[in-house]
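This report concerns only the one structure given below.
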Amino acid sequence: MNYIEFLENLDKKLGEYFNTQKKFIHCKLGCSACCEKGDYPLSKIELEYLMQGYISLNNETKVQVQNNIKKIETGGACPFLINKKCSIYPYRPIICRVHGLAYICKDNTVKLPFCVNNGKNYADVYENGEITINPVLDNLDTQNVLKDFDFGEIRNLVDWLEKY
Ligand code: SF4
């Protein structure tokens with residue numbers, strides 16, 4: 001299976017997960033908090049696909065992204081976020097696709113979206129640092145999601161972009 005087919009299947013599966021968890025999900029158009037602060041770790045295969053998205057942008061958006069890249073900081077906004085929307089949405093990395101869900105990791109800990117602390121996803125079922133409902137019982141960490149691919153090194157977006 002190539003990476004594009006793989007993403008189509010992944011998006012279907014994630015759509016079902018978001019649907020089963022919808023009572024606890026408050027993601028909506030115009031909320032870009034998860035793209036405004038972060039490290040956005042991604043693998044080489046994801047970076048190459050993301051760059052295809054960048055190449056497909058119109059010139060004006062490319063300039064906006066380039067200007068954002070000049071100002072990029074560790075833990076800061078993603079340079080592909082333009083007017084509170086992801087400019088390369090179909091090409092976005094795995095971490096962006098799974099963000100918003102609570103899921104189980106390999107050591108049986110539960111990964112929660114950071115917006116639980118901002119009164120958003122899962123905030124209604126969050127007590128003493130834990131959620132009181134079952135998370136998605138699938139490890140959605142990038143390494144696990146991409147385990148059937150030779151995905152290459154994983155680095156933070158800022159570190160990859162320093163090379164461009
Ligand atoms: S690539 Fe898109 S979805 Fe991912 S953090 Fe950047 S703007 Fe947000």
Side-chain angles (χ1 to χ4, degrees), residues 2-19 21-22 24-103 105 111-123 135-136 138-146 149 151-164:
N2 69 32
Y3 188 61
I4 295 174
E5 286 168 345
F6 165 79
L7 287 178
E8 280 170 11
N9 288 340
L10 176 68
D11 283 346
K12 258 189 229 150
K13 182 167 84 164
L14 293 175
E16 285 162 21
Y17 291 158
F18 273 102
N19 200 29
Q21 303 275 300
K22 67 182 173 203
F24 317 111
I25 305 284
H26 303 290
C27 299
K28 57 177 188 293
L29 203 63
C31 176
S32 55
C34 49
C35 311
E36 288 169 13
K37 266 188 189 172
D39 293 329
Y40 323 106
L42 73 162
S43 64
K44 190 152 191 292
I45 191 172
E46 295 167 86
L47 178 79
E48 284 166 4
Y49 192 55
L50 184 154
M51 282 304 170
Q52 285 184 34
Y54 170 74
I55 288 164
S56 73
L57 295 174
N58 63 41
N59 284 343
E60 188 191 333
T61 311
K62 270 190 190 139
V63 170
Q64 287 175 296
V65 170
Q66 282 163 11
N67 287 339
N68 287 344
I69 288 175
K70 284 183 202 147
K71 295 180 283 188
I72 191 173
E73 290 174 353
T74 302
C78 175
F80 297 95
L81 184 68
I82 304 290
N83 299 330
K84 292 195 161 274
K85 279 197 202 148
C86 177
S87 59
I88 46 92
Y89 190 76
Y91 300 87
R92 69 201 187 288
I94 305 299
I95 195 164
C96 311
R97 290 171 199 262
V98 308
H99 190 82
L101 289 170
Y103 60 86
C105 302
K111 189 163 281 184
L112 293 171
F114 85 93
C115 60
V116 69
N117 295 306
N118 302 342
K120 291 189 178 147
N121 292 9
Y122 299 96
V136 172
D138 188 1
N139 180 353
L140 299 175
D141 279 344
T142 296
Q143 288 96 327
N144 194 54
V145 170
L146 291 179
F149 282 91
F151 55 80
E153 201 181 337
I154 294 185
R155 295 180 180 194
N156 290 341
L157 184 61
V158 63
D159 298 325
W160 283 121
L161 291 177
E162 271 174 4
K163 294 170 62 185
Y164 277 80

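The basis for the numbers below is simple: all heavy atoms, side chains too, and nothing from hydrogens, waters or symmetry mates. Counting convention: from 1, in listed order, for ligands and their atoms alike. The model shown is predicted, which means the values in this text are computed figures rather than measured ones.
Close approach to L81 involves these atoms of ligand 1, each under 4.0 Å from a residue heavy atom: 7 (S). For ligand 1 and C78, the ligand atoms under 4.0 Å from any heavy atom of the residue are 1 (S), 5 (S), 6 (Fe), 7 (S). Atoms of ligand 1 found under 4.0 Å from any heavy atom of Y40 (numbered from 1 in listed order, with element): 5 (S). Those atoms of ligand 1 that come under 4.0 Å of a heavy atom in I88, given as number and element, are 1 (S).
Here C96 reaches atom 4 (Fe) of ligand 1: one of its N/O/S atoms is less than 2.8 Å from the metal.
Taking the six-membered ring where the residue is Trp, the centroids of H99 and F114 are separated by under 6.0 Å.
For the residue pair Y103 and Q21, no side-chain donor N or O sits within less than 3.5 Å of a side-chain acceptor on the partner.
For E16 and K12, the salt-bridge test fails: no basic side-chain N is under 4.0 Å from an acidic carboxylate O.
Remark: minimum distance from atom 8 (Fe) of ligand 1 to any protein heavy atom is reached at C35 SG, 2.3 Å. In terms of protein heavy atoms, atom 2 (Fe) of ligand 1 is closest to C86 SG, 2.3 Å.
Inter-residue side-chain proximity for N68 and F80 is flagged as unmet; no heavy-atom pair is nearer than 4.5 Å. Using a 4.5 Å cut-off on side-chain heavy atoms (C-beta onward), F151 and Q143 make contact.
Using bins of under 30°, 30° to 60° and over 60° for the plane-to-plane angle, the ring pair Y91/Y49 lands in the tilted bin.
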